There are 2 protein chains.
Amino acid sequence: MFKEQGMKLSTRSRYGVRMMSDLADHYDLVPIFLKDIAKREDVSEKYLSLIVISLRSAGLINSTRGAHGGYKLARRPEEITVKDILEALEGDICLVDCVSNPESCSRVSICPTRDIWGILGRKIGETLSSVTLADLASTRRKKAENNIRSNI
Amino acid sequence: MFKEQGMKLSTRSRYGVRMMSDLADHYDLVPIFLKDIAKREDVSEKYLSLIVISLRSAGLINSTRGAHGGYKLARRPEEITVKDILEALEGDICLVDCVSNPESCSRVSICPTRDIWGILGRKIGETLSSVTLADLASTRRKKAENNIRSNI
DNA sequence: ACCTTTCCTATCGATTCGATAGTAATTAAA
DNA sequence: TTTAATTACTATCGAATCGATAGGAAAGGT
Ligand code: FES
Ligand code: FES
């Protein structure tokens with residue numbers, strides 16, 4: 001009992017970032033079918049179709065309905081950070097309520113722990129906003145090259 | 001539906017760190033009753049008594065049973081970091097399985113997202129290990145002073 | 001003996017999580 | 001104008017997790 005699996009990123013976020021990175025690899029082209037993304041990333045299309053709603057309503061992607069519809073990034077890959085994606089999927093990155101909303105906790109003026117949750121949240125935000133979809137795309141290309149080389 | 005409350009620290013961790021910081025304020029004295037900690041921190045004693053088990057079995061605190069029993073820090077406050085506490089309560093800080101266990105994911109060699117989860121996990125670890133219980137205790141003292149001043 | 005405290009295990013109800021199902025709306029093409 | 005393909009939406013499902021409570025067993029001081 002206790003400590004079954006702590007501090008894990010949700011699959012929603014993992015899938016979401018993978019989907020966005022997949023879209024970044026096809027930036028500039030016709031809209032991409034969710035079906036194809038799901039197949040490439042080996043993820044349930046139905047589940048992705050839920051995740052995609054948050055991404056669209058956050059303004060990160062545009063969608064087209066009907067035949068030849070699909071999804072496209074709303075901005076250039078360099079202009080979308082992993083932080084943008086995670087905020088769209090999980091809400092504001094705030095580890096404890098009383099950091100962003102001091103009234104929610106009566107101990108704010110005496111509690112010594114609140115400060116570090118604030119600091120940690122900020123560090124996480126900094127790290128996440130330092131990585132763009134363009135970075136992910138270039139990482140993918142590099143990995144692909146390495147795989148080819150190691151297969152020779 | 002979706003995004004009810006994302007990226008929040010568990011109450012287990014919040015309570016645990018508060019309890020340890022309370023213990024740090026009484027380092028060097030007789031063991032402290034859980035009852036008193038629970039009262040000071042305004043937390044269910046029963047619930048704390050579960051949390052405390054993980055802290056003890058991680059070797060962060062010592063316990064004495066029976067009358068005049070209680071809990072004490074196992075090391076000096078300067079030698080216990082918030083990372084120690086969180087690892088005791090939540091397990092290893094690893095955002096996704098395939099970072100610490102590459103076999104768990106078949107896409108490791110091609111997946112562009114894995115790297116940043118590793119980086120982020122490391123950053124979180126660094127931040128958490130940079131704060132000790134001694135720091136928390138001094139923060140508490142500072143806040144207490146400020147409160148006195150602002151009440152004059 | 002008696003009281004106090006920690007220790008342990010077993011729950012409870014509510015919420016969240018990952019996932020699936022079914023259907024409506026929209027669009028391109030035949 | 002029909003048909004096929006695709007996104008949009010809502011409603012679940014079962015399992016896991018979460019915060020919390022309950023009740024007694026073990027240990028130790030008086
Ligand atoms: S947890 Fe809210 S102020 Fe300490
Ligand atoms: S999620 Fe495991 S390798 Fe990408």
Side-chain angles (χ1 to χ4, degrees), chain A residues 1-19 23 30-39 41-74 86 89-91 95-97, chain B residues 1-19 23 30-39 41-58 60-74 89-91 95-97:
Chain A
M1 184 261 177
F2 246 11
K3 202 197 326 187
E4 316 291 349
Q5 68 107 335
M7 287 230 112
K8 286 279 175 282
L9 200 67
S10 67
T11 26
R12 173 154 75 243
S13 291
R14 287 186 287 119
Y15 287 2
V17 174
R18 276 167 63 184
M19 173 179 180
L23 281 177
V30 292
I32 310 295
F33 300 150
L34 199 60
K35 186 179 27 171
D36 293 338
I37 302 178
K39 194 173 297 177
E41 299 292 331
D42 193 26
V43 160
S44 150
E45 177 185 353
K46 269 297 187 187
Y47 191 39
L48 258 196
S49 80
L50 296 187
I51 295 175
V52 99
I53 294 176
S54 305
L55 296 171
R56 179 175 46 85
S57 55
L60 298 180
I61 60 184
N62 296 324
S63 62
T64 321
R65 297 222 265 195
H68 299 92
Y71 298 97
K72 293 193 52 164
L73 293 186
L86 256 55
L89 297 175
E90 308 269 6
L95 275 346
V96 314
D97 283 333
Chain B
M1 183 259 179
F2 247 10
K3 201 195 326 186
E4 317 290 348
Q5 68 107 334
M7 286 230 116
K8 286 280 176 282
L9 199 66
S10 68
T11 28
R12 174 153 76 244
S13 291
R14 286 186 288 115
Y15 287 1
V17 174
R18 275 167 63 184
M19 171 177 180
L23 243 26
V30 293
I32 310 294
F33 299 151
L34 199 60
K35 188 181 21 171
D36 294 336
I37 302 177
K39 196 173 295 177
E41 299 292 331
D42 193 26
V43 161
S44 150
E45 177 186 351
K46 269 299 189 188
Y47 191 39
L48 259 197
S49 81
L50 296 186
I51 295 174
V52 98
I53 294 176
S54 305
L55 296 170
R56 180 175 47 84
S57 57
L60 298 180
I61 61 183
N62 295 325
S63 62
T64 320
R65 297 222 264 194
H68 300 91
Y71 298 96
K72 291 193 53 163
L73 293 187
L89 296 175
E90 309 270 5
L95 275 345
V96 315
D97 283 333

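The structure presented is a predicted model; accordingly, all values stated were derived computationally and were not measured. FYI, side chains are in, hydrogens and waters are out, and symmetry mates aren't considered; it's all heavy atoms of this structure. The chains referred to below are lettered A, B, ... by the order of the sequence lines, with proteins before strands, and numbering in each begins at 1.
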For the side chain of [X], counting heavy atoms from C-beta on, which of [options] is nearest?
X        : options                 : answer
Tyr71(B) : dC9(D), dT21(D), dC7(C) : dC7(C)
Leu34(B) : dT6(C), dT7(D), dC17(C) : dT6(C)
Tyr47(B) : dC8(C), dT7(D), dT21(D) : dT21(D)

Atom-to-atom span, [atom1] of [X] to [atom2] of [N] - whole angstrom:
X        : N       : atom1 : atom2 : result
Lys8(B)  : dT15(C) : NZ    : P     : 17 Å
Phe33(B) : dC3(C)  : CZ    : P     : 17 Å
Leu55(B) : dT6(C)  : CG    : P     : 14 Å
Leu9(B)  : dG19(D) : CG    : P     : 9 Å
Met7(A)  : dC17(C) : CE    : C1'   : 18 Å
Ile53(A) : dA25(C) : CD1   : P     : 16 Å
Leu50(B) : dT6(C)  : CG    : C1'   : 12 Å
Glu45(B) : dG23(D) : CD    : P     : 15 Å

Q) Given side chains that start at C-beta, do those of Lys35(A) and Leu48(A) come closer than 4.5 Å, heavy atoms only? A)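 No - every pair of side-chain heavy atoms lies 4.5 Å or more apart.
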[N] OP1/OP2 closer than 4.0 Å to side-chain N/O of [X]:
X        : N       : value
Lys35(A) : dT6(D)  : yes
Ser63(A) : dT7(D)  : no
Tyr15(B) : dC18(D) : no

Q: Please confirm whether any donor atom in the side chain of Lys46(A) sits under 3.5 Å from an acceptor in the base of dG18(C), or the reverse.
A: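 Looking at the base of dG18(C), it does not pair with any donor or acceptor on the side chain of Lys46(A) (distance under 3.5 Å).
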Q.
Out of the candidates Val17(A), Ile51(A), Leu50(A), Leu86(A), only one should pair with Arg12(A) under the side-chain contact (heavy atoms from CB on, under 4.5 Å) rule; please name it.
A.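 Considering Val17(A), Ile51(A), Leu50(A), Leu86(A), a side-chain contact (heavy atoms from CB on, under 4.5 Å) with Arg12(A) is found only for Ile51(A).
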Q. About how many Å separate CD1 of Ile32(A) and OG of Ser63(A), when rounded to the nearest 0.5 Å?
A.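 Nearest 0.5 Å value for the OG-CD1 distance: 13.5 Å.
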Q) Which distance, rounded to the nearest 0.5 Å, do you find between the CG of Leu73(B) and the CG of Leu23(B)? A)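 One gets 4.5 Å once the value is rounded to the nearest 0.5 Å.
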Q. How do Gly70(B) and Arg14(A) order along DNA chain C: which one's closest nucleotide is nearer the 5' end?
A.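 Checking each residue's closest nucleotide, the 5'-ward one belongs to Gly70(B).
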Q.
Restricting to salt bridge (charged side-chain N to carboxylate O under 4.0 Å, His left out), what partner residues turn up for Asp36(B), sequence neighbours left out?
A.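 In terms of salt bridge (charged side-chain N to carboxylate O under 4.0 Å, His left out), with neighbours along the sequence ignored, Asp36(B) is linked to no residue.
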Q.
Which heavy atom of Leu89(B) sits nearest to which heavy atom of Ser13(B), and what is that distance?
A.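 It is CD1-CA, 3.8 Å.
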Q.
Show the nearest heavy-atom pair for residues Ser44(A) and Ala38(A), with the distance to one decimal.
A.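 Looking at all heavy atoms of both residues, the closest pair is C-CB, 4.4 Å.
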Q: Could you run through nucleotides 25-30 of chain D and give me one letter per nucleotide, 5' to 3': B if any protein heavy atom sits under 4.0 Å from the base, S if only the sugar-phosphate is that close, - if neither?
A: -BBBSS
Q) Contact class for Arg56(B) (heavy atom, under 4.0 Å): base, sugar-phosphate, or nothing? A)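 It contacts sugar-phosphate atoms only.
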